[in-house]
Amino acid sequence: MKRIAIFASGAGSNARKIIEHFNHHPRISVELIVCNKPGAGVLNIADEHGIPTLLLDKEQFFRGNAYVDELKADEIDFIVLAGFLWKVPAALIQAYPGKIVNIHPALLPNYGGKGMYGHFVHEAVIANKETESGISIHLVDELYDHGKVVFQASCEVKADDTPETLAQRIHELEHKHFAPVIETLLS
């Protein structure tokens with residue numbers, strides 16, 4: 001059985017889709033939700049599904065052991081970043097080489113890097129009059145949005161799009177593709 005930890009900072013819509021996708025899967029299960037924000041919606045989703053949670057302390061995450069000991073004690077095999085807004089420390093990347101995946105709401109390498117998340121990405125895409133945007137699922141390394149891209153899907157950017165309308169189409173792509181790509185990576 002491959003044991004997944006999902007790291008999330010917000011409402012948790014991607015986490016919910018991943019949990020539902022692997023609910024009763026014969027070889028893959030979501031075993032832990034890791035969050036850096038008390039009160040984040042993803043914690044309620046974890047509670048609904050009976051999944052244990054780990055609330056991160058910033059000091060321990062960045063200057064301590066990056067929670068590697070706790071993840072190893074829970075026998076976590078794979079980490080999924082689903083709207084997790086902190087940069088992953090080198091200690092965690094070294095403990096899980098090639099076993100941390102992130103989803104980004106743009107077609108990398110464009111619109112990636114520090115500060116490029118959520119509505120900031122969609123605002124930049126629209127401001128630059130792009131005709132296409134999408135999602136990138138990539139392995140995580142020491143740089144923001146830099147690791148090997150394993151999957152991309154695109155959608156049209158319409159002339160009358162707002163960051164909110166574009167975000168809706170991007171979320172549809174995330175919800176459709178993230179869990180199946182994770183399953184492929186773990187097969």
Side-chain angles (χ1 to χ4, degrees), residues 4-23 29-62 66-67 70-71 74 76 78-89 92-93 96 100-108 111-126 133-140 143-147 149 151-153 155 161-182:
I4 296 175
I6 299 176
F7 283 50
S9 298
S13 67
N14 275 317
R16 180 184 297 281
K17 292 292 183 186
I18 294 164
I19 291 165
E20 290 169 354
H21 183 86
F22 292 114
N23 194 21
S29 65
V30 176
E31 294 293 330
L32 184 65
I33 299 295
V34 180
C35 186
N36 61 327
K37 287 190 176 180
V42 72
L43 297 171
N44 297 329
I45 294 168
D47 190 47
E48 287 171 29
H49 291 274
I51 298 171
T53 58
L54 174 62
L55 200 55
L56 298 177
D57 171 77
K58 194 170 192 173
E59 189 70 20
Q60 184 178 347
F61 191 62
F62 289 109
Y67 291 89
E70 291 83 347
L71 294 167
D74 277 339
I76 297 301
F78 196 78
I79 296 171
V80 174
L81 307 183
F84 185 69
L85 299 181
W86 285 356
K87 187 175 182 189
V88 177
L92 189 54
I93 294 167
Y96 286 90
I100 305 174
V101 68
N102 182 45
I103 191 161
H104 185 74
L107 297 172
L108 294 173
Y111 304 103
K114 187 172 183 172
M116 291 305 285
Y117 61 90
H119 70 92
F120 297 113
V121 172
H122 309 312
E123 287 170 359
V125 166
I126 291 168
S133 191
I135 61 167
S136 299
I137 299 171
H138 66 94
L139 299 178
V140 173
L143 303 174
Y144 278 112
D145 304 321
H146 178 265
V149 173
F151 179 85
Q152 289 184 313
C155 65
D161 261 332
T162 64
E164 294 76 21
T165 58
L166 180 55
Q168 286 180 318
R169 285 198 305 288
I170 297 294
H171 280 307
E172 289 171 12
L173 290 174
E174 291 173 346
H175 294 167
K176 178 179 179 184
H177 295 291
F178 202 11
V181 170
I182 293 164

I135 side chain near F178 side chain, heavy-atom distance below 4.5 Å: no
Supply the atom-to-atom distance L108 CG to H146 NE2, rounded to the nearest 0.5 angstrom. 10.5 Å
Can you name the residues that form a salt bridge (Lys or Arg N to Asp or Glu O under 4.0 Å) with E59, not counting sequence neighbours? R63
State whether a side-chain donor-acceptor pair under 3.5 Å links H171 with E174. yes
Heavy-atom closest contact (L55 atom, Y67 atom, distance): O-OH, 4.0 Å
Rounded to the nearest 0.5 angstrom, the CD1-NE2 distance for I182 and H21 is 8.0 Å
Q152: which residues meet the side-chain hydrogen bond (donor to acceptor under 3.5 Å, both in side chains) condition with it, sequence neighbours left out? S136
Testing the basics here: between C155 and L166, what is the closest heavy-atom pair and its distance to 0.1 Å? SG-CD1, 4.2 Å
Minimum heavy-atom distance between L107 and A153, given as atom pair plus value: CD2-O, 3.6 Å
Rounded to the nearest 0.5 Å, the CZ atom of F151 sits from the CG atom of L173 at a distance of 8.0 Å
To the nearest 0.5 Å, how far apart are CG in L81 and CD1 in I137? 12.0 Å
Side-chain atoms of residues 116-125: list all donor-acceptor pairs with protein atoms under 3.5 Å, sequence neighbours left out, distances to 0.1 Å.
{"from": "H119", "atom 1": "ND1", "to": "E123", "atom 2": "OE2", "distance (Å)": "3.0"}

Short side-chain to backbone donor-acceptor contact, N102 and H138, under 3.5 Å: no
With sequence neighbours excluded, residues passing ring pair (Phe, Tyr, Trp, His ring centres under 6.0 Å) with F7: F84
Shortest non-hydrogen separation from K87 to F61 and the atoms involved: O-CE2, 3.8 Å
Could you check if a side-chain atom of K17 sits within less than 4.5 angstrom of a side-chain atom of E20, using non-hydrogen atoms only? yes
Do H175 and N14 touch side chain to side chain, with heavy atoms closer than 4.5 Å? yes
If you look at every heavy atom in S9 and A40, which pair is closest and at what distance? O-CB, 3.7 Å
Taking C-beta and beyond as the side chain, do I51 and I6 meet within less than 4.5 Å on heavy atoms? no
Quick one: CG on D145 to CD1 on I103, what's the gap to the nearest 0.5 Å? 11.5 Å
Please name all residues satisfying side-chain hydrogen bond (donor to acceptor under 3.5 Å, both in side chains) with D161, sequence neighbours left out, ordered by chain then number. T165, R169
Which atom of A8 lies closest to which atom of V42, heavy atoms considered: CB-CG2, 3.8 Å
For residues 38-58, which residue pairs qualify under side-chain hydrogen bond (donor to acceptor under 3.5 Å, both in side chains), counting only residues two or more places apart or in two chains? R16-E48
Which residues pass the side chain to side chain contact (heavy atoms under 4.5 Å, CB included) test with Y96, not counting sequence neighbours? L71, K72, I76, I79, L92, K99, I100
Out of curiosity, L54 CG to D74 CG, how far, rounded to the nearest 0.5 Å? 8.0 Å
By side-chain hydrogen bond (donor to acceptor under 3.5 Å, both in side chains), H177 pairs with (sequence neighbours left out) none
Residues at least two apart in sequence or cross-chain that pass ring pair (Phe, Tyr, Trp, His ring centres under 6.0 Å) with F22, listed by chain then number, are H25
Quick one: list whatever passes side-chain hydrogen bond (donor to acceptor under 3.5 Å, both in side chains) with Y111, sequence neighbours left out. N128, E130
